[in-house]
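Reviewing the structure listed below.
Only this structure's heavy atoms are used, side chains among them; waters, hydrogens and symmetry mates stay out.
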Amino acid sequence: MDGNKIETYVGFALRAGKVTLGVNAIQTVKKGVYCLLLDRGTAKNSRKEIEKTRTRFDCPLVEVDDLGALVRKEGCKAAAIKDISLAGAIVREAGAQGLTIEGVIG
């Protein structure tokens, strides 16, 4: 993912402290999730839990390859973006790259 805009936006969110990593940690977030990132290799039960979270926050879910490398945390399967501007930029770029996005109208 070298030179990838999504990687840049996620890096900005990480530096700003606007990312929650991991399925269990994401489930404890009370408010302010604007986009969820999910690794394509995520187990069925974890995927189901992230789907529940997506429904609860009514936010887009973007599937990516090798999320652990993207967030610089090996083995990470899910990330919640808590900045509305960066979440929007990630979703727009994911659409431009043809990635799978759930929960986006239009």
Side-chain angles (χ1 to χ4, degrees):
M1 290 195 177
D2 196 34
N4 186 332
K5 285 184 179 181
I6 293 176
E7 184 175 20
T8 302
Y9 296 139
V10 170
F12 289 154
L14 285 166
R15 285 190 289 284
K18 298 290 187 174
V19 179
T20 300
L21 300 175
V23 175
N24 293 333
I26 291 170
Q27 290 174 320
T28 65
V29 174
K30 301 290 183 210
K31 61 179 181 175
V33 173
Y34 300 102
C35 174
L36 292 164
L37 302 176
L38 186 67
D39 190 279
R40 289 190 199 282
T42 302
K44 191 176 187 179
N45 286 338
S46 294
R47 181 177 295 277
K48 191 167 118 178
E49 292 303 319
I50 292 299
E51 272 294 327
K52 287 180 190 175
T53 303
R54 185 194 71 74
T55 302
R56 182 170 51 126
F57 287 109
D58 192 27
C59 65
L61 171 68
V62 179
E63 289 189 39
V64 298
D65 293 317
D66 199 11
L67 181 63
L70 188 67
V71 297
R72 302 175 193 108
K73 186 112 175 161
E74 195 62 38
C76 182
K77 297 296 182 184
I81 307 297
K82 300 184 292 183
D83 180 281
I84 194 165
S85 297
L86 290 170
I90 290 168
V91 171
R92 280 190 302 276
E93 186 60 29
Q97 291 182 18
L99 297 176
T100 302
I101 306 171
E102 295 179 25
V104 175
I105 299 171

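In terms of modelled atom types and a separation under 3.5 Å, the side chain of Asp83 and the main chain of Ala13 share no donor-acceptor contact.
By the side chain to side chain contact (heavy atoms under 4.5 Å, CB included) test, Ala89 pairs with Tyr9, Arg92, sequence neighbours left out. A search for side chain to side chain donor-acceptor pair (under 3.5 Å) contacts involving Glu49 returns Gln27, Lys52, not counting sequence neighbours. Annotation: side chain to side chain donor-acceptor pair (under 3.5 Å) contacts of Thr53 (sequence neighbours excluded): none. Shown here are the side chain to side chain contact (heavy atoms under 4.5 Å, CB included) partners of Gln97, two or more places apart in sequence or in another chain: Asn4, Ile6, Glu93, Leu99. Considering only residues two or more places apart in sequence or on other chains, Arg40 meets the side chain to side chain donor-acceptor pair (under 3.5 Å) condition with Asp65. Residues forming a side chain to side chain donor-acceptor pair (under 3.5 Å) with Lys77 (at least two apart in sequence, or on another chain): none. Residues passing the side chain to side chain contact (heavy atoms under 4.5 Å, CB included) test with Ala78 are Val23, Ile26, Leu38, Ile50, sequence neighbours excluded.
Here side-chain hydrogen bond (donor to acceptor under 3.5 Å, both in side chains) pairs that include residues 10-23, with residues two or more places apart or in two chains, are Thr20-Lys82.
The shortest distance between side-chain heavy atoms of Tyr34 and Ile81 does not fall below 4.5 Å. Between Ile101 and Leu61 the shortest side-chain heavy-atom distance does not fall below 4.5 Å. Residues Leu36 and Cys59 have side chains in contact (heavy-atom distance under 4.5 Å, counting atoms from C-beta outward).
Gly68 approaches Asp39 most closely through the heavy-atom pair N-OD2, 4.4 Å. In terms of heavy-atom proximity, Val91 sits nearest to Cys35 at CG2-SG, 3.9 Å.
Under the side-chain contact (heavy atoms from CB on, under 4.5 Å) rule, Ile90 has a single partner from Thr8, Val64, Val10, which is Val10.
Here CG of Leu70 is found 5.5 Å from CG of Leu67. Values are rounded to the nearest 0.5 Å. Interatomic distance, NZ of Lys48 versus OG1 of Thr42, reported as 15.0 Å (0.5 Å rounding).
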